[in-house]
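All values below were derived from every heavy atom in this structure, side-chain atoms included, with hydrogens, water molecules and symmetry-related copies excluded. Small disclaimer: the values here were computed from a predicted structure and weren't measured. Each chain gets a letter, A, B and so on, in the order its sequence line appears, and its residues count up from 1.
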Number of protein chains: 4
Amino acid sequence: MQSRTPATRTGRPRSAAADAAILAATRQALVELGWSRLTLGDVATRAGVAKTTLYRRWAGKHELVVDAVAELFDELELPDRGSLAADIEGVVLQFAAILARPEARSGLMAVVAESTRDDALRERIRASIVDRQMRLVLEGRARAQCRGELPPEPDQAEAARTVDLIFDMVAGAVVHRTLVSGKPADEEWVRSFTRVLLLGLTAAPAEP
Amino acid sequence: MQSRTPATRTGRPRSAAADAAILAATRQALVELGWSRLTLGDVATRAGVAKTTLYRRWAGKHELVVDAVAELFDELELPDRGSLAADIEGVVLQFAAILARPEARSGLMAVVAESTRDDALRERIRASIVDRQMRLVLEGRARAQCRGELPPEPDQAEAARTVDLIFDMVAGAVVHRTLVSGKPADEEWVRSFTRVLLLGLTAAPAEP
Amino acid sequence: MQSRTPATRTGRPRSAAADAAILAATRQALVELGWSRLTLGDVATRAGVAKTTLYRRWAGKHELVVDAVAELFDELELPDRGSLAADIEGVVLQFAAILARPEARSGLMAVVAESTRDDALRERIRASIVDRQMRLVLEGRARAQCRGELPPEPDQAEAARTVDLIFDMVAGAVVHRTLVSGKPADEEWVRSFTRVLLLGLTAAPAEP
Amino acid sequence: MQSRTPATRTGRPRSAAADAAILAATRQALVELGWSRLTLGDVATRAGVAKTTLYRRWAGKHELVVDAVAELFDELELPDRGSLAADIEGVVLQFAAILARPEARSGLMAVVAESTRDDALRERIRASIVDRQMRLVLEGRARAQCRGELPPEPDQAEAARTVDLIFDMVAGAVVHRTLVSGKPADEEWVRSFTRVLLLGLTAAPAEP
DNA sequence: TGTTAAACGAGACGGTACGTCACGTCTTCGC
DNA sequence: GCGAAGACGTGACGTACCGTCTCGTTTAACA
């Protein structure tokens, strides 16, 4: 998670249990207190761990919360629901369900806000959170192409741009609906959204 | 801005110049320091104002930044560009230009993050920022209906839902593109986005 | 005490009561905890004062304790007891009484220890504590010369050296007896000490 | 402190070397950092020893420093210089030379300070440091009595009191001169001091 | 034109959390 | 089976901002 290279052989090894306890405590604190009132001292106490142990593993509040929130997105999956529309609706609903949880709501936007000034943090978010979501988009597209619902992309670069666009549209719409408009991304909304998106992607462009 | 009712007659009136100076100083500090390193003491110093004066007008960092950022959205306009597509492209580009400015990037997501736990703040954001944007969507739709590009909406509630959906899709996509993906919402991207959105909306059958 | 020049006119003035409360709390903590277990946070709490207030006035534990202990020496006086021997015995007993108090014992040697590496601290100790004691030696000598018990000193430099010597002998003996040997400098000991000292001084021929 | 020669004794041949290395490292750290900045982790590193090893042998910083400083006083000797005055001058100069060394200055007063609250520490200091010095006083008195410079003491208790007094006067004066007044106990000062002391002890008491 | 009451700058105040440091204890593994 | 390496819980450190509170001083509307 945070230690890329073990590097050392000697000495007492770091407690793996501590990592899990800290991340769980972080999520719990996010639920109860929200981002701005969450303190690392409190997280350490909840985890039954010393503050120093926490600082040995994470550089600060932002990094810690990225890792704690990232674990929430582990549950995102893309079971085959039979059609592209159903697949999209399914994954959007899953995504909305995660964003409906207070531990995600409180922390996610805060770390994104900070990432506009901290490239390392942005990279960490990309690797831990965004890529997890992006993978589903790629998977869904491949599956739809297998089914023949989408034509195979001849142009590699154009394909990447399209995937980016779709990803920003999907994730952006759900995030905005949930966190800015403050309304639930429920089944009805998801169905409307999916219809517009899919139609926009598959209908023949009536360009002049 | 923040004082609904002056209520008093006597005494020295509040300096209007101080308000402007404080908001300008806030934006300057956002540019230089970002949200997390911005302090109210520093803002007061930059504005040539005592901390007390600042606290007399705003309850805290979040409220202050909402107002400071909100002013950036005053410049959003919807000149008639001749077609719905052109109108959308125009306003999305304007929106993207604002989000590209560091004083907006740094602060916007932070207050949105906090608003997930603070209803008064959410309401303030809605009134100061979101409504300014939503108005353009309504205006654009009305203009498109005048032009005959869109059919008049018979169902009031359905119309409101559609406007909400469009708004979340537009704002969400631009925000996600700019702040999460970290890529510019340039003309090419905006054209692609607009094509998909418009196609999805206009080709949409009134499916049950 | 610590602020030589008030320097400013504007702003909220510092609380004089806080100073007194902090120094009293420091002495109380010295009594209960001793030097090494005394913490500034605890002192602040005892004084009913924020830690920051304490740090605004003193640079650290050493400086604070110097001032707190120095006040103990304010009570040193030299009433005329009729003879040089009686004067010396009186002041040595006073000095011993102060060193017998736990708030002095705990702190005094600690700051002296630190002063061997910190010239500013040494100077502060000299000004706050040592000079208070030295003044008594000078006063006692002057009074003895008035009485005719001691001859007037013709050589200025020699006189200074003698005063320094006497001071180191008096203060050193009492401190060593009390803090190193750990035995009380009671009346009997003081009488013996005074006899030796006085005999050594008055019988001393002006040997080259 | 690795022993190059294996010396395949399956006992602990390193133990003695480690002790010496740790004490030497302690003194070196005292010189470079002084008491308050000396840390046991640093001492262990300097000695090429694990912190664990250090804690197995000493209970803490105070105990360690007592032992490290005590070794400095091993060099105190009392060669026969022919007269009581010369003997005193000699030993006082030796004592002053030790107190002039930074490893003694920094540590000695600190442990004395702590010993005012810690009886075990006081006892350790007495046994390791004070008795070493006291022995010289006893030795000097015995030698002076052999020479006939001092009369034999008939009263045992009175004799002990006198020795204590002399010891406190000698050690106290040198310590105070060196560490509090911050001036060197050089030959001139020592000669003056010895003259006063000796005259005070040997002259006939002119008591009324 | 003088009163007067609020707003102003300055900055000290009681707090809270920060991130660091050293302590003294405890694992783990290598020699 | 020591002993180095180092992670651990603990707790104090000194700092930075917070938001509040005096102060003494403008300053503009009212009298």
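Taking atom CH2 of W35(B) as the reference point, atom C1' of dC17(F) lies 13 Å away to the nearest angstrom. For the pair L54(D) CG and dA5(F) P, the interatomic distance rounds to 14 Å; values are reported in whole Å. For the pair Y55(A) OH and dA22(E) P, the computed distance is 17 Å after rounding to whole Å. As a whole-Å value, the separation of E114(B) CD from dC18(F) C1' is 14 Å. Between L40(A) atom CG and dC18(E) atom C1' the separation is 8 Å, expressed in whole Å. Taking atom NZ on K61(A) and atom C1' on dC17(F), their separation rounds to 13 Å, with Å as the unit.
A salt bridge does not link R37(A) with D42(A): none of the charged nitrogens is closer than 4.0 Å to a carboxylate oxygen. At a threshold of 4.0 Å, the pair D118(C)-R124(C) does not count as salt-bridged, since none of the basic side-chain nitrogens sits closer than that to a carboxylate oxygen.
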* Using the salt bridge (charged side-chain N to carboxylate O under 4.0 Å, His left out) rule, take E114(B) and K61(B) through it: C-alpha gap first, then chi angles, then the decisive distance, then the call. => CA-CA 11 Å; E114(B) 185 66 13; K61(B) 192 169 162 174; over 6 Å; no
Identify each atom pair where a protein N or O and an N or O of nucleotides 25-27 of chain F are less than 3.5 Å apart, giving names and distance.
{"residue": "dT26(F)", "atom": "O2", "partner": "R12(B)", "partner atom": "NH1", "Å": "2.8"}

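To the nearest 0.5 angstrom, L108(C) atom CG is 10.0 Å from T116(D) atom OG1. Here the straight-line distance linking atom CD of E63(C) with atom CD1 of I125(C) works out to 9.0 Å at 0.5 Å rounding. Atoms CZ and CG, on R117(D) and L33(C) in that order, are 7.0 Å from each other to the nearest 0.5 Å. In this structure, CG in L54(B) is found 6.5 Å from OG1 in T26(B), a value given to the nearest 0.5 Å.
Between R37(B) and D42(C), it is D42(C) whose nearest contact on DNA chain F lies nearer the 5' terminus. With the nearest nucleotide of DNA chain F identified for both T39(B) and L38(C), L38(C) has the one nearer the 5' end. If you find the closest nucleotide of DNA chain E to A18(B) and to G41(D), the one lying nearer the 5' end belongs to A18(B).
Residue R57(B) places at least one side-chain N or O under 4.0 Å from the OP1 or OP2 atom of dC8(E). OP1 or OP2 of dA5(F) has not a single side-chain nitrogen or oxygen of R14(A) nearer than 4.0 Å. Here R56(B) does not reach the OP1 or OP2 of dA7(E): none of its side-chain N or O atoms lies under 4.0 Å away.
Side-chain contact check for D119(D) versus R122(D): some heavy-atom pair is nearer than 4.5 Å.
Applying a 4.0 Å cut-off to non-hydrogen atoms, the residues of residues 45-53 of chain B that approach DNA chain E are G48(B), V49(B), A50(B), T52(B), T53(B), listed by residue number.
In this structure, of dC13(E), dA7(E), dC8(F), it is dC13(E) that holds the atom nearest to the side chain of S15(C).
Checked options T52(C), D19(C), V49(C); the residue passing with R57(C) is D19(C) (criterion: side chain to side chain contact (heavy atoms under 4.5 Å, CB included)).
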